[in-house]
Amino acid sequence: MKIAIGCDHGGFKHKNAISEHLKNRGFEVVDCGIYEDKSVDYPDIAVKVAEKITDGSCKLGILVCGTGIGMSMAANKVKGIRAAACSDHFSAKYTRLHNDANILCLGGRVIGIGTALELADLFVNTKFEGGRHVKRIQKITDIENKKG
Ligand code: RB5
């Protein structure tokens, strides 16, 4: 499975650690930056990762900023993206099972690297449950498609 990953300066170390971790577990990782620890605007990276999902080149994405929140806000503006900011195991698992989230957003200033690796594992290894959740996801899409 191909995973797109990105971060701003608030998540640089976490992003690199997650990238290595997933590669060691056999995932193909597309690193959308940043590639050096410098200050950037998180929406610029969020859109790069989001578009890897919407253009079909990656199945899932992971974004890391200071809180995970700015990245999720920006990524969720891209049509077709369901980004979830998580800092606990239950949320990281259930946002795949129930919300079919396609991007996990993490806070490099909220959780440690060990927790980030575990949440990334849970996210990429959990499949959408389907069933009763399909129509709920469709309702999110309907909101997205609603005209003016
Ligand atoms: C950058 O200082 C910080 O604002 C950013 O990483 C993120 O936490 C925003 O949500």
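Note that ligands are numbered from 1 as they come in the structure, with each ligand's atoms numbered from 1 the same way. Bear in mind that the values here come from a model prediction, so they are computed numbers and not experimental data.
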For G66, the ligand 1 atoms whose distance to one of its heavy atoms is below 4.0 Å: 5 (C), 6 (O), 7 (C), 8 (O)
Should L104 and L63 count as side-chain neighbours, where that means a heavy-atom distance under 4.5 Å? no
State, without any angle test, whether S19 and N16 hold a side-chain donor-acceptor pair at a distance under 3.5 Å. no
Can a side-chain donor-acceptor contact be found between Q138 and D142 if the only test is distance below 3.5 angstrom? yes
Any nitrogen or oxygen of G70 lying under 3.5 Å from a nitrogen or oxygen in ligand 1? Just yes or no. yes
For atom 2 (O) of ligand 1, the option (of M73, M71, R109) bearing the nearest heavy atom: R109
For residues 94-103, tabulate all N or O donor-acceptor pairs below 3.5 Å that involve a side-chain atom, not counting sequence neighbours.
residue: T95; atom: OG1; partner: N99; partner atom: OD1; Å: 2.9
residue: R96; atom: NE; partner: T126; partner atom: O; Å: 2.9
residue: R96; atom: NH1; partner: D100; partner atom: OD1; Å: 2.9
residue: R96; atom: NH1; partner: A101; partner atom: O; Å: 2.9
residue: R96; atom: NH2; partner: T126; partner atom: O; Å: 3.3
residue: H98; atom: NE2; partner: H133; partner atom: NE2; Å: 3.3
residue: D100; atom: OD2; partner: R82; partner atom: NH2; Å: 3.3
residue: N102; atom: OD1; partner: R82; partner atom: N; Å: 2.7
residue: N102; atom: ND2; partner: G80; partner atom: O; Å: 2.9

Give me the nearest non-hydrogen protein atom to [atom] as residue plus atom name, then the distance to 0.1 Å.
atom	result
atom 4 (O) of ligand 1	Y42 CE2, 4.4 Å
atom 1 (C) of ligand 1	H9 NE2, 3.4 Å
atom 8 (O) of ligand 1	T67 N, 3.0 Å
atom 5 (C) of ligand 1	D8 OD2, 3.2 Å

Checking T67 now: which residues fulfil side chain to side chain donor-acceptor pair (under 3.5 Å) with it, not counting sequence neighbours? none
Indicate yes or no: does K13 engage D37 in a salt bridge with an N to O separation below 4.0 Å. no
